[in-house]
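Numbered from 1 within each chain, the chains take letters A, B, ... in sequence-line order.
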Protein chains: 2
Amino acid sequence: MPAQPGTADAALKLEEFLPYRLNVCANIVSTALSRIYAEHYSIGVPEWRVLVTLGQFGMMTAKAIGIHSHMHKTKVSRAVAMLERRKLVVRRANRDDLREAFLSLTPAGRDIYSDLAPSALEFARQLMETVEPADRAALGRALNKLIEHAAQIASDIAKGGKPG
Amino acid sequence: MPAQPGTADAALKLEEFLPYRLNVCANIVSTALSRIYAEHYSIGVPEWRVLVTLGQFGMMTAKAIGIHSHMHKTKVSRAVAMLERRKLVVRRANRDDLREAFLSLTPAGRDIYSDLAPSALEFARQLMETVEPADRAALGRALNKLIEHAAQIASDIAKGGKPG
DNA sequence: ACAAATTAGTTGCCATTGAAACCATGGTCA
DNA sequence: TGACCATGGTTTCAATGGCAACTAATTTGT
């Protein structure tokens with residue numbers, strides 16, 4: 001018997017635990033969204049992010065895409081490779097630094113982007129509409145703070161935890 | 001050239017896009033948290049969830065754990081298998097239905113739980129403290145609404161999208 | 001100018017994960 | 001009772017993703 005499952009220390013309840021709730025929320029939302037575009041274009045989340053990032057900025061390096069979209073460089077590399085194979089993205093050498101290359105959407109890529117962006121915005125709009133109007137700004141602020149704080153903690157631990 | 005990267009349709013900006021922000025937030029928070037316990041106990045998120053769920057309820061089936069913790073049954077199965085190997089969880093047959101089994105923490109498992117739960121709560125508390133006091137309740141409500149709505153959409157699409 | 005360190009990007013490898021198939025048991029209903 | 005369906009749980013398989021090693025190009029320090 002678990003004694004009293006949780007009396008000792010203010011009771012940890014999974015369903016009220018913020019990190020857990022954030023994960024569940026992000027997963028469900030992300031799944032719902034990707035169901036919408038995965039069927040149409042047969043792309044996954046990383047490809048979608050690359051497409052959207054290039055649609056937003058027009059031309060940039062893989063590294064910059066990774067930073068902007070919070071993706072590991074291997075993820076970016078593979079997503080770009082597949083978009084390139086599908087002729088949705090082109091790579092242009094940077095004559096001033098041959099390690100990197102400038103990436104941009106092809107006309108075909110832009111077509112998909114301009115088809116995909118409005119429905120993404122619409123999805124987000126509908127999602128936001130379910131949140132009480134008075135709570136919307138608070139949600140935005142809260143996410144900012146949480147991201148900022150957690151990133152701080154994670155990097156602190158990364159430094160302190162593995163000395164040498 | 002990308003014309004104007006986003007003038008046509010209210011501009012999709014990844015860094016302001018709610019599903020994206022939720023994902024980034026959930027990942028960073030989750031990483032920060034797991035850094036804390038992964039080093040101490042060498043367990044991953046699924047094992048942590050099983051442990052916490054059993055700590056909360058004392059005794060339940062794998063299926064119930066999956067429902068409560070939003071995990072796929074294979075994930076639960078594997079997490080339980082590893083916790084069993086480490087003698088942190090025991091399996092007791094249900095004589096009334098031999099398909100399922102009742103799982104619960106061993107004393108060793110409970111020791112870890114009662115060590116781990118307070119630090120998880122402390123982590124969540126610190127996290128929540130970074131959010132403006134006035135925004136905290138709003139965050140909770142918003143997450144509820146988002147989860148509810150997105151789950152609805154996802155299941156609608158699942159049904160409508162794949163008829164037959 | 002050149003060796004050493006750094007950086008952009010790719011690839012090989014391995015762990016994690018979900019879908020689907022599978023096994024064993026239990027329920028249904030004719 | 002016995003043929004069917006449903007359910008809890010495990011296993012197999014393929015895809016995904018991150019780490020670390022690698023290549024090629026650039027920067028730094030002397």
Side-chain angles (χ1 to χ4, degrees), chain A residues 23-24 26-28 30-32 34-35 38-39 42-50 53-54 59-85 89-104 154 158 161-162, chain B residues 23-24 26-28 30-31 34-35 38 42-50 53-54 59-85 89-104 154-155 158 161-162 164:
Chain A
N23 252 303
V24 170
N27 282 335
I28 294 183
S30 192
T31 301
S34 75
R35 285 251 170 89
E39 289 187 358
S42 313
I43 59 175
V45 175
E47 290 78 21
W48 186 91
R49 286 191 184 173
V50 169
T53 303
L54 288 177
M59 157 120 68
M60 60 200 311
T61 66
K63 163 148 219 188
I65 294 175
I67 292 171
H68 182 72
S69 64
H70 264 265
M71 291 198 293
H72 194 269
K73 62 180 180 174
T74 59
K75 226 178 188 174
V76 175
S77 174
R78 294 193 256 244
V80 166
M82 108 90 116
L83 292 173
E84 225 184 336
R85 275 195 301 277
V89 160
V90 278
R91 183 187 304 257
R92 178 187 320 234
N94 175 10
R95 306 190 92 253
D96 292 345
D97 185 343
L98 295 177
R99 288 171 305 181
E100 65 185 16
F102 294 124
L103 303 164
S104 54
K162 297 255 176 191
Chain B
N23 252 302
V24 170
N27 281 335
I28 294 184
S30 195
T31 301
S34 75
R35 286 251 167 90
S42 313
I43 60 176
V45 175
E47 291 78 21
W48 186 89
R49 285 191 185 172
V50 169
T53 303
L54 288 177
M59 159 117 71
M60 61 200 310
T61 67
K63 161 147 221 186
I65 293 175
I67 291 170
H68 182 70
S69 63
H70 263 265
M71 290 197 293
H72 194 270
K73 62 180 180 172
T74 59
K75 226 176 187 175
V76 175
S77 174
R78 295 193 259 243
V80 166
M82 107 90 116
L83 292 172
E84 224 184 336
R85 274 195 302 277
V89 160
V90 278
R91 183 187 305 257
R92 177 187 321 234
N94 175 9
R95 305 189 92 251
D96 292 345
D97 186 344
L98 294 177
R99 288 172 305 183
E100 65 184 15
F102 295 124
L103 302 164
S104 54
S155 84
K162 299 254 175 190

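Residue pairs meeting the salt bridge (Lys or Arg N to Asp or Glu O under 4.0 Å) criterion with at least one partner in residues 62-80 of chain B, sequence neighbours excluded, are absent.
Here chain B contacts DNA chain D (any atom closer than 4.0 Å to a heavy atom, that is under 4.0 Å), and the contacts span D/dA6 to D/dT12 from 5' to 3'.
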(Q) Strictly under 4.0 angstrom, non-hydrogen atoms only: write out the protein contact profile of nucleotides 4-15 of chain C, one letter per nucleotide from the 5' end, B, S or -. (A) --BBSBBBB---
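Contact record, B/Ala62 with B/Leu103: N-CD1, 3.8 Å, taken as the closest heavy-atom pair.
Both A/Leu98 and A/Lys75 lie near DNA chain D, and the one whose nearest nucleotide falls closer to the 5' end is A/Lys75.
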For residues 91-101 of chain A, tabulate all N or O donor-acceptor pairs below 3.5 Å that involve a side-chain atom, not counting sequence neighbours.
unit_1  : atom_1 : unit_2   : atom_2 : d
A/Arg91 : NE     : A/Glu84  : OE1    : 3.4
A/Arg91 : NE     : A/Glu84  : OE2    : 3.1
A/Arg91 : NH2    : A/Glu84  : OE1    : 2.7
A/Asn94 : OD1    : A/Asp96  : N      : 3.0
A/Asn94 : ND2    : A/Glu100 : OE2    : 3.0
A/Asp97 : OD1    : A/Arg99  : N      : 3.1
A/Asp97 : OD1    : A/Arg99  : NE     : 3.1
A/Asp97 : OD2    : A/Arg99  : NH2    : 2.9

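The shortest distance between side-chain heavy atoms of B/Met71 and B/Val50 falls below 4.5 Å.
Judged as a side-chain hydrogen bond (donor to acceptor under 3.5 Å, both in side chains), and not counting sequence neighbours, A/Ser34 has no contacts. Contacts of A/Asn23 classified as side-chain hydrogen bond (donor to acceptor under 3.5 Å, both in side chains), with partners at least two apart in sequence or in another chain: B/Ser30.
Atom pair B/Met71:CE and C/dA19:P shows a separation of 15 Å (rounding to whole Å applied).
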Q: Evaluate side chain to side chain contact (heavy atoms under 4.5 Å, CB included) for B/Arg49 paired with B/Val76, printing each intermediate quantity in order.
A: CA-CA 9 Å; B/Arg49 285 191 185 172; B/Val76 175; over 6 Å; no
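Between B/His72 and C/dT17 there is no side-chain N or O to OP1 or OP2 distance below 4.0 Å.
In this structure, B/Met59 CE and B/Ser104 OG are separated by 5.0 Å, a value rounded to the nearest 0.5 Å.
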